[in-house]
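Worksheet: the structure to be examined is printed underneath.
For the numbers below, each heavy atom of this structure counts, side chains included, while hydrogens, waters and symmetry mates do not. Below, chains carry the letters A, B, ... as their sequence lines are ordered, and counting in each starts from 1.
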There are 2 protein chains.
Amino acid sequence: MSDALLLDSQLCFALYAASRAVTSAYAPHLKELGLTYPQYLVLLVLWESEGVRVTQLGERLHLDSATLTPLLKRMEAQGVVERRRSQQDERVVELFLTPHGKRLKKKVEEIPTNVFKNSGLSLKQARELRTSLQALTQRLRTDD
Amino acid sequence: MSDALLLDSQLCFALYAASRAVTSAYAPHLKELGLTYPQYLVLLVLWESEGVRVTQLGERLHLDSATLTPLLKRMEAQGVVERRRSQQDERVVELFLTPHGKRLKKKVEEIPTNVFKNSGLSLKQARELRTSLQALTQRLRTDD
DNA sequence: CACATTTAAATCGTGCACGATATACTTGCG
DNA sequence: CGCAAGTATATCGTGCACGATTTAAATGTG
């Protein structure tokens, strides 16, 4: 009967494997800069919008404080970001880049370019794939 | 100037987010059966080819013994799988399903169907997406 | 047969993920 | 004002991932 449960027929596994493959492709380049992959994602957000709160960062990355708090503390210890309690609301922690964190942007820029080159995808394919994945994520997050 | 580093333009983030979204979609259903998502993947392999070695399992899932050994021990403790040292080669551990592990197959079958329904994808879209992801994984794994 | 080499799992250390709970601060309402 | 309810972050416990090392068994070579 059905091969519905064959590993290789599972979209979920293809996704899981691809995600880990991409992360591993980034890892060695990021390691040279002292970063992990989730830390890189945090920097992407901060380079766009410095001063965000932990909660806002979590909304962008779909991660919660249990993941972000220790991760941000490690980044602070390495001198990449700064965590500041807001004056107006002491519950809030706002996130800023250190000068080192700002400089990293230039060094990081070529990494996604390189990984993309190795991916063998055309720009069009990559855009389509990204769009499909974003739609999928959206669907699965809204109607559980 | 370049928006090359905008979070939402990154395929890598779309992939990472989608993968976690899919895993979370599976999680509550699997939890009822006492399984985690990686454990479900292990079962997919064992339902196809009982008796595989740890290394072979790792090749299928792209995971190594540091991940699999403790995971398999937990599954053994829960009575889902059995780990047996090969007689011919004492270095090898072969993996078998317990009766409980076999029975789980029926209960699990509907989970991917349900998640797929919520994904809003057509069968054709899902197949195309899976194929793209498999190709991407392949490319990134071969030429690191 | 000895012994270096290779191979299969297991172990170690670090860093995510995430459900659940705790703590501390703020706000709204009587 | 006083206190309940709400909010922001932090903490706790468990389970992956993965680079690196270790242990033990098998194999090949002189």
*Of K73(B) and R20(B), whose nearest nucleotide on DNA chain C comes first from the 5' end?*
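The answer here is K73(B).
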
*asked:* Need to verify one output field. Residue with the more 5' nearest nucleotide on DNA chain C, T67(A) or D89(A)?
replied: T67(A)

From the list [options], which nucleotide is the closest neighbour of the side chain of [X]?
{"X": "S65(B)", "options": "dA10(C), dG19(C), dT9(D)", "result": "dA10(C)"}
{"X": "Q39(A)", "options": "dC18(C), dC16(C), dA9(C)", "result": "dC16(C)"}
{"X": "R85(A)", "options": "dA10(C), dC16(D), dT9(D)", "result": "dT9(D)"}

*May I ask you to verify whether the side chain of R91(A) and the base of dT7(D) hold a donor-acceptor pair under 3.5 Å?*
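When only heavy-atom distances are counted, R91(A) does reach the base of dT7(D) through a donor-acceptor pair under 3.5 Å.
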
*Under the 3.5 angstrom rule, does the side chain of S9(B) hit a backbone N or O of L6(B) as a donor-acceptor pair?*
yes

*Using modelled atom types only, decide if a donor and an acceptor are shared between the side chain of E128(A) and the backbone of Q125(A) within a distance under 3.5 Å.*
no

_Rounded at 0.5 Å granularity, tell me how far CG in L5(A) sits from OG1 in T113(B)._
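Rounded to the nearest 0.5 Å, the CG-OG1 separation comes to 7.5 Å.
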
_Joint cluster assignment, V92(A) & V54(A), ILVMFWY side-chain distance < 4.5 Å_ = no

Calculate the interatomic distance between [X] atom [atom1] and [N] atom [atom2]; express it in whole Å.
{"X": "F13(A)", "N": "dA17(D)", "atom1": "CZ", "atom2": "P", "answer": "11 Å"}
{"X": "R83(A)", "N": "dA8(D)", "atom1": "CZ", "atom2": "P", "answer": "16 Å"}
{"X": "L61(B)", "N": "dC18(D)", "atom1": "CG", "atom2": "P", "answer": "11 Å"}
{"X": "E90(B)", "N": "dT27(D)", "atom1": "CD", "atom2": "P", "answer": "12 Å"}
{"X": "L72(A)", "N": "dA10(D)", "atom1": "CG", "atom2": "P", "answer": "8 Å"}

Contact class for [X] vs. all strands (heavy atom < 4.0 Å): base, sugar-phosphate, or nothing?
{"X": "L68(A)", "value": "nothing"}
{"X": "T36(A)", "value": "sugar-phosphate"}
{"X": "Q88(B)", "value": "sugar-phosphate"}

_By nearest heavy atom, map R74(B) and A66(B) onto DNA chain D; which one lands nearer the 5' end?_
R74(B)

_Taking the nucleotide of DNA chain D with the nearest heavy atom to each, does P70(B) or T55(A) sit closer to the 5' end?_
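Nearer the 5' end of the strand: T55(A).
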
*Please check the phosphate of dC16(D) (OP1 and OP2 only) for any side-chain N or O of Y16(A) closer than 4.0 Å.*
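No, because none of the side-chain N or O atoms of Y16(A) sits under 4.0 Å from OP1 or OP2 of dC16(D).
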
*State, yes or no, whether a side-chain contact exists between L95(B) and R83(B) at a heavy-atom distance under 4.5 Å.*
yes

